[in-house]
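In this chain, numbering begins with 1 at the start of the sequence shown.
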Amino acid sequence: MKDNYRWCPTFGNLINLTLHSSCVHGDFYALIVFLQNSPSLKKLTLELYQREYQTQDIPTITGELEDRSFTCEQLEIVEIICSEGNELLPWVNQFLLDSGIRPDQMRVIYED
């Protein structure tokens, strides 16, 4: 996906999206690209599995974006599924808040 975000299609009918840890790695590149191209998105689920994040085996999606802004006017809820104490959770929460997602739109679900 790196350097190909310009070729990413618009997912005009996508209303539910689930992304794994590799999409929130580093600079949130993949997450931003998906959000920029999903204007009808109502529910975003982020599965932050720390075991995957800590291994070197998972691919990460990174790149440079000229425009990091996005609007999610239709977005109703962001579910974050992770274990308690997940190291990614504070970073993801802050990114979402800085991006205009309200706290009442976010729900954290703790799983083992």
Side-chain angles (χ1 to χ4, degrees):
M1 190 165 159
K2 182 178 180 181
D3 299 326
N4 289 324
Y5 70 91
R6 289 182 190 98
W7 300 107
C8 184
T10 298
F11 303 105
N13 295 324
L14 183 66
I15 56 172
N16 295 318
L17 176 63
T18 299
L19 299 173
H20 293 296
S21 300
S22 59
C23 292
V24 297
H25 179 71
D27 60 0
F28 300 100
Y29 173 83
L31 177 59
I32 293 169
V33 170
F34 279 113
L35 293 174
Q36 287 176 335
N37 291 287
S38 303
S40 301
L41 190 64
K42 291 187 180 206
K43 180 181 178 186
L44 173 64
T45 302
L46 301 174
E47 296 180 346
L48 307 180
Y49 296 114
Q50 198 160 337
R51 289 183 309 274
E52 293 176 359
Y53 178 73
Q54 290 178 340
T55 67
Q56 301 299 326
D57 298 27
I58 64 161
T60 56
I61 303 168
T62 61
E64 296 294 325
L65 292 171
E66 292 178 20
D67 181 14
R68 295 178 58 87
S69 65
F70 57 88
T71 57
C72 292
E73 296 173 2
Q74 306 298 321
L75 189 64
E76 297 171 0
I77 186 144
V78 177
E79 287 187 345
I80 303 169
I81 302 171
C82 64
S83 60
E84 287 201 48
N86 186 292
E87 293 177 7
L88 289 175
L89 184 58
W91 295 96
V92 171
N93 274 341
Q94 192 60 54
F95 169 78
L96 293 170
L97 291 169
D98 290 348
S99 299
I101 307 298
R102 298 183 321 270
D104 65 310
Q105 291 176 285
M106 295 188 290
R107 178 174 47 202
V108 177
I109 301 169
Y110 293 108
E111 291 185 351
D112 291 331

Taking all non-hydrogen atoms of both residues into account, name the closest pair between Pro39 and Phe11 and its distance. CD-O, 3.9 Å

Take the angle between the ring planes of Tyr49 and His20 and call it parallel below 30°, perpendicular above 60°, tilted in between. tilted

Take Val78 and Val92 through the test side chain to side chain contact (heavy atoms under 4.5 Å, CB included) and record every step on the way to the result. CA-CA 11 Å; Val78 177; Val92 171; over 6 Å; no

How long is the straight-line distance from CZ of Arg107 back to OG1 of Thr45, given to the nearest 0.5 Å? 8.5 Å

Answer yes or no: does atom CG of Asn13 have more than 12 heavy-atom neighbours from other residues, nucleotides or ligands under 6.0 Å? no

How many angstroms lie between atom NZ of Lys42 and atom CG of Leu17, to the nearest 0.5 angstrom? 15.0 Å

As an exercise, state the distance from CG of Asn16 to CD of Glu76, rounded to the nearest 0.5 Å. 9.5 Å

Reported CG-to-CD distance for the pair Leu48 and Glu87, which is rounded to 0.5 angstrom: 11.5 Å

Is Ser40 reaching over with its side chain to a backbone N or O of Leu14, donor-acceptor style, under 3.5 angstrom? no

Closest approach of Trp91 and Phe28, non-hydrogen atoms and distance? O-CZ, 3.7 Å

Rounding to 0.5 Å, atoms CD (Glu47) and CD1 (Ile109) come to a distance of 9.5 Å

For Ile101 and Leu97, which heavy atoms make the closest approach, and how far apart are they? O-CD2, 3.5 Å

Stepwise, does the side chain to side chain contact (heavy atoms under 4.5 Å, CB included) test hold for Ile80 with Asn93? CA-CA 9 Å; Ile80 303 169; Asn93 274 341; 3.5 Å; yes

If we ignore hydrogens and angles and just use 3.5 Å, is the side chain of Gln105 paired with the main-chain N or O of Leu75 as donor and acceptor? yes

What verdict does the side chain to side chain contact (heavy atoms under 4.5 Å, CB included) test give for Leu31 and Leu46, after you've listed the backbone C-alpha separation in whole Å, the side-chain angles of each residue and the deciding distance to 0.1 Å? CA-CA 9 Å; Leu31 177 59; Leu46 301 174; 4.1 Å; yes

Roughly how far, to the nearest 0.5 Å, is the CD1 atom of Ile77 from the CZ atom of Arg102? 11.0 Å

Derivation of the side chain to side chain contact (heavy atoms under 4.5 Å, CB included) call for Cys82 and Tyr110: CA-CA 5 Å; Cys82 64; Tyr110 293 108; 4.1 Å; yes

